[in-house]
There are 2 protein chains.
Amino acid sequence: MSTGSSTGSGAGEGALPRRATISDVAREAGTGKTSISRYLNGELAALSPDLRARIEAAIQRLDYRPNQMARGLKRGRNRLLGLLLADLANPYSVEVLQGVEAACHALGYMPLICHAANEIDMERRYLQLLTTYRVEGVIVNALGVPESMLKPMASGGIPAVLVDRTVDGLDADMVGLDNAAAARLGVEHLLEHGYDDLVFVVQPFEQVSSRREREAAFRAFAQGTQGAQGVQNVRATTHVLDLHEDASIDASLAALDAHIADAARRGARCALFAANAPVALRLALHLKACFGAQWQQHAALIAIDDPEWAALAGITTIRQPTREIGYRAVEFLHERIEGVALATRAAAFPGELIVRASTLG
Amino acid sequence: MSTGSSTGSGAGEGALPRRATISDVAREAGTGKTSISRYLNGELAALSPDLRARIEAAIQRLDYRPNQMARGLKRGRNRLLGLLLADLANPYSVEVLQGVEAACHALGYMPLICHAANEIDMERRYLQLLTTYRVEGVIVNALGVPESMLKPMASGGIPAVLVDRTVDGLDADMVGLDNAAAARLGVEHLLEHGYDDLVFVVQPFEQVSSRREREAAFRAFAQGTQGAQGVQNVRATTHVLDLHEDASIDASLAALDAHIADAARRGARCALFAANAPVALRLALHLKACFGAQWQQHAALIAIDDPEWAALAGITTIRQPTREIGYRAVEFLHERIEGVALATRAAAFPGELIVRASTLG
DNA sequence: CTGTTAGCGCATTCAA
DNA sequence: TTGAATGCGCTAACAG
């Protein structure tokens, strides 16, 4: 809009494109760099009131900001934490991120957020980059193979904590959902409501520990409860849906349709159990395409994760305490950075069942 | 799970917690630091094949990674770009972020992502922090007042580009949606489909340029089209909904309900026009609470932004080319960093109308 | 082609 | 209480 000229407020020096350094401040205050440094680091006890005032004034006048890079270089710690996220489009990641930010905030770290966008190359590249920026620790929600992270991090002595999923060869601190309990929560809810044909829908899960655990727990509980709950002959099957593979996705959905149709024919009550939000969304979209706006009447749906739109679509979910997960991850990391060398720990948070219309058919 | 001991692969030195430096590499390769530096910076022409090989070997052996901090300190540029996002829970932000990442990737920058989480203090703090880390430029999707950013950035000579919203006193490059055209697209669609009572629902918009522009355009087009399109007597009103103010939100929604009820009584066809996705979600949730699953039959809804769940809920939207917006922002910034000192520019991208059930009632 | 020298901005000995 | 000197890891003049 405006193309006018406007220069800063306060002490306008024009716009010299060079920030003041500690030396500038020292000169301006008529003292040595050491005192400035002391002031910056809060060693106020060792400064005469007069000098201190002069320093404050000088800093103000020059709008001085200490260079974190130089600082980090000298002290060997730069207060940077790497946060590697597999997929920011997944609300889960964003929520974990919020917890991480809160904790970083409280503990004096700056999170360096890296988004792998489901690309394994990205993941590897970012891990290298983080090494290069000498982050003091990394929080990893990985997609990839072990070697991709073992090498750069462990070999550099950079502590890591895993979120939601473990990495094969590596034993590091780990924090996430109590998958077994969550799966059980879902299964029990479905059984209580009379569903007897349960289909667990999950992305390819061999590589991702949380998916593996959820699937295993789903099967264990669905089959182990045979005859209990007053429900006889419960069917429990697992369906793989690869969201990033356009080729296979249609076939997989078609198979699912067949399953649903068959259940209807048999008079069975079929319920879909989505392993996470992205799967749930894909399923809901598909069901809507098949059955129209009233799809809820044709197939029940429950999901782990509780994205905002779940309430709108009326989908029963198992919510994860995502903020806490992120927060705890930073706490773990912080302890390791501070040198506490305990055995590797794991924190598994419980999920919370939120009942909505999609399982009350 | 496992608490076993596992040490790295390759050349296992145990786990000395100190990374190799350029000096280490020089010693290992039996040469001076300069040659290493040259190798790192791709000045391969100035290295004998022999030396070059020795360097490569040494780097390999030590698993050496140049320290970006030290590098940046020396050269005065660290390849860091600040990205300040008002709200990552808004899918818009995530999508812009993806564009930013892609561009950073291509241009050799590392984005330093900061999330203000709708808190104005956060915004200010992060802006200071970015200054402190000496980022070479910032991309800002701001919520705050002008002074909060004018001071740290402009005074530090750090170029900035604004996304989606301008900042009052500041004239910087700017990229976002063509708000006027987008609003027009929506209004025309509604009029074509016979809606004659249009309500624009928007968060408090005095402070945010994009909201202001959308609202203004909405009014201009809705009223300017009087009598055209075969529609007579179109009503166009604006409704403010403060999503972050629990106190006022209920009252605002109640007023909206009254408006809708009144329209029904008059036999008018009422349509809600949400200024962005968060507003749309809130509206949809409310309508669902009021009218049940069949809310679509009671009130039409259209929104700017096209989040994933819009398809599921069947909501007509105007999609922004978010990736492009993010990408272009980085390009603008890059040019400024490279010293091109043109007049400030603005890029306004067109939106795309996506018709769904919510406006076909 | 290669190595030596001198800082980048800062924190930290060590003296004064 | 204060300041001068040293070096973090790296790049950029300069010489050889």
Side-chain angles (χ1 to χ4, degrees), chain A residues 17-56 58-59 62-80 131-136 156-157, chain B residues 16-56 58-59 62-80 131-136 156-158:
Chain A
R18 194 186 127 278
R19 289 222 70 107
T21 77
I22 200 174
S23 303
D24 298 328
V25 179
R27 198 179 321 112
E28 180 81 10
T31 177
K33 310 192 294 185
T34 314
S35 298
I36 312 297
S37 176
R38 291 212 175 93
Y39 176 86
L40 294 176
N41 294 316
E43 301 176 35
L44 307 171
L47 294 177
S48 71
D50 170 56
L51 183 51
R52 182 170 157 182
R54 271 155 49 216
I55 294 179
E56 261 162 5
I59 288 182
L62 269 45
D63 187 32
Y64 169 70
R65 313 249 196 255
N67 183 329
Q68 288 294 350
M69 299 303 172
R71 267 186 173 205
L73 188 56
K74 188 81 202 103
R75 323 177 109 155
R77 48 181 354 206
N78 51 202
R79 308 276 74 189
L80 252 30
T131 276
T132 259
Y133 277 101
R134 295 297 187 272
V135 295
E136 298 185 37
Chain B
L16 81 169
R18 194 188 125 279
R19 291 223 69 109
T21 77
I22 200 173
S23 301
D24 298 328
V25 179
R27 197 178 324 113
E28 180 81 10
T31 177
K33 309 195 294 186
T34 312
S35 298
I36 313 296
S37 176
R38 290 211 176 95
Y39 176 85
L40 294 176
N41 293 314
E43 300 176 35
L44 306 170
L47 294 177
S48 71
D50 170 55
L51 181 52
R52 182 171 158 183
R54 270 152 52 213
I55 294 179
E56 260 162 5
I59 288 182
L62 271 44
D63 188 32
Y64 168 70
R65 311 245 198 258
N67 183 327
Q68 287 295 348
M69 300 303 173
R71 238 180 215 227
L73 188 55
K74 186 74 203 135
R75 327 175 109 155
R77 49 180 355 206
N78 52 203
R79 309 274 74 189
L80 251 28
T131 277
T132 258
Y133 276 101
R134 297 296 190 274
V135 296
E136 297 186 38
I158 300 178

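So you know, we letter chains A, B, ... as the sequences are listed, proteins then strands, and number each from 1.
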Exercise. Give the rounded distance in Å between these two atoms: CZ of A/Arg77 and C1' of C/dT12.
Key: 16 Å
Exercise. With the side chain counted from C-beta on, respond yes when B/Ile22 and B/Arg71 share a heavy-atom pair under 4.5 Å apart, and no when they do not.
Key: no
Practice problem: Write down the distance between OH (B/Tyr39) and C1' (C/dC1), rounded to a whole number of angstrom. | Solution: 17 Å
Exercise. With the side chain counted from C-beta on, respond yes when A/Arg79 and B/Tyr133 share a heavy-atom pair under 4.5 Å apart, and no when they do not.
Key: yes
Exercise. Ignoring the backbone of A/Tyr64, work out which of C/dT2, C/dC10, C/dG3 is nearest its side chain.
Key: C/dC10
Quiz item: Can you tell me if B/Arg19 uses its side chain to pair, donor with acceptor, with the backbone of B/Asp63 under 3.5 Å?
Solution: yes
Quiz item: Which is true for A/Thr34 with a 4.0 Å heavy-atom rule: it touches a base, it touches only sugar-phosphate, or it touches nothing?
Solution: base
Quiz item: B/Lys33 NZ to C/dA6 P: how many Å, rounded?
Solution: 12 Å
Practice problem: Specify the closest pair of heavy atoms between B/Leu40 and B/Pro66, including all atoms of both residues, with the distance to one decimal. | Solution: CD1-CB, 4.0 Å
Contacts under 3.5 angstrom, residues 24-35 of chain B side chains, donor-acceptor by atom type, not counting sequence neighbours:
| residue | atom | partner | partner atom | Å |
| --- | --- | --- | --- | --- |
| B/Asp24 | OD1 | B/Arg27 | NH2 | 3.3 |
| B/Asp24 | OD2 | B/Arg18 | NH2 | 2.9 |
| B/Asp24 | OD2 | B/Thr21 | N | 2.8 |
| B/Glu28 | OE2 | B/Arg61 | NH1 | 2.4 |

Quiz item: Quick one: does B/Leu73's side chain get under 4.5 Å of A/Lys74's, heavy atoms only?
Solution: no
Quiz item: Is there a residue in residues 66-75 of chain B whose heavy atoms reach under 4.0 Å of DNA chain C, and which residues are they?
Solution: B/Leu73, B/Lys74
Exercise. Find the distance between CG (B/Asn78) and CE (B/Met69) and round it off to the nearest 0.5 Å.
Key: 7.5 Å
Quiz item: When we call it a touch if two heavy atoms are under 4.0 Å apart, what does A/Leu51 touch: a base, just sugar-phosphate, or nothing?
Solution: sugar-phosphate
Practice problem: Taking heavy atoms of chain B and a 4.0 Å limit, find me the 5'-most and 3'-most nucleotide of DNA chain D within that range. | Solution: D/dG9 to D/dC14
Practice problem: Determine the contact category for A/Ile36: base if any of its heavy atoms lies under 4.0 Å from a base atom, sugar-phosphate if only primed atoms, P, OP1 or OP2 are that close, otherwise nothing. | Solution: nothing
Exercise. Starting at atom CZ of B/Arg134, determine the distance to atom C1' of C/dG9, rounded to an integer number of angstrom.
Key: 9 Å
Quiz prompt | Rounded distance [0.5 Å steps], CG in B/Leu47 versus CD1 in B/Ile36 | solution = 8.5 Å
Quiz item: Base, sugar-phosphate, or nothing for A/Ser37, non-hydrogen atoms under 4.0 angstrom?
Solution: base
Quiz prompt | Side-chain N,O (B/Ser48) to OP1/OP2 (C/dT2) below 4.0 Å | solution = yes
Quiz item: Do the side chains of A/Gln68 and B/Arg134 get nearer than 4.5 Å, heavy atoms only?
Solution: no
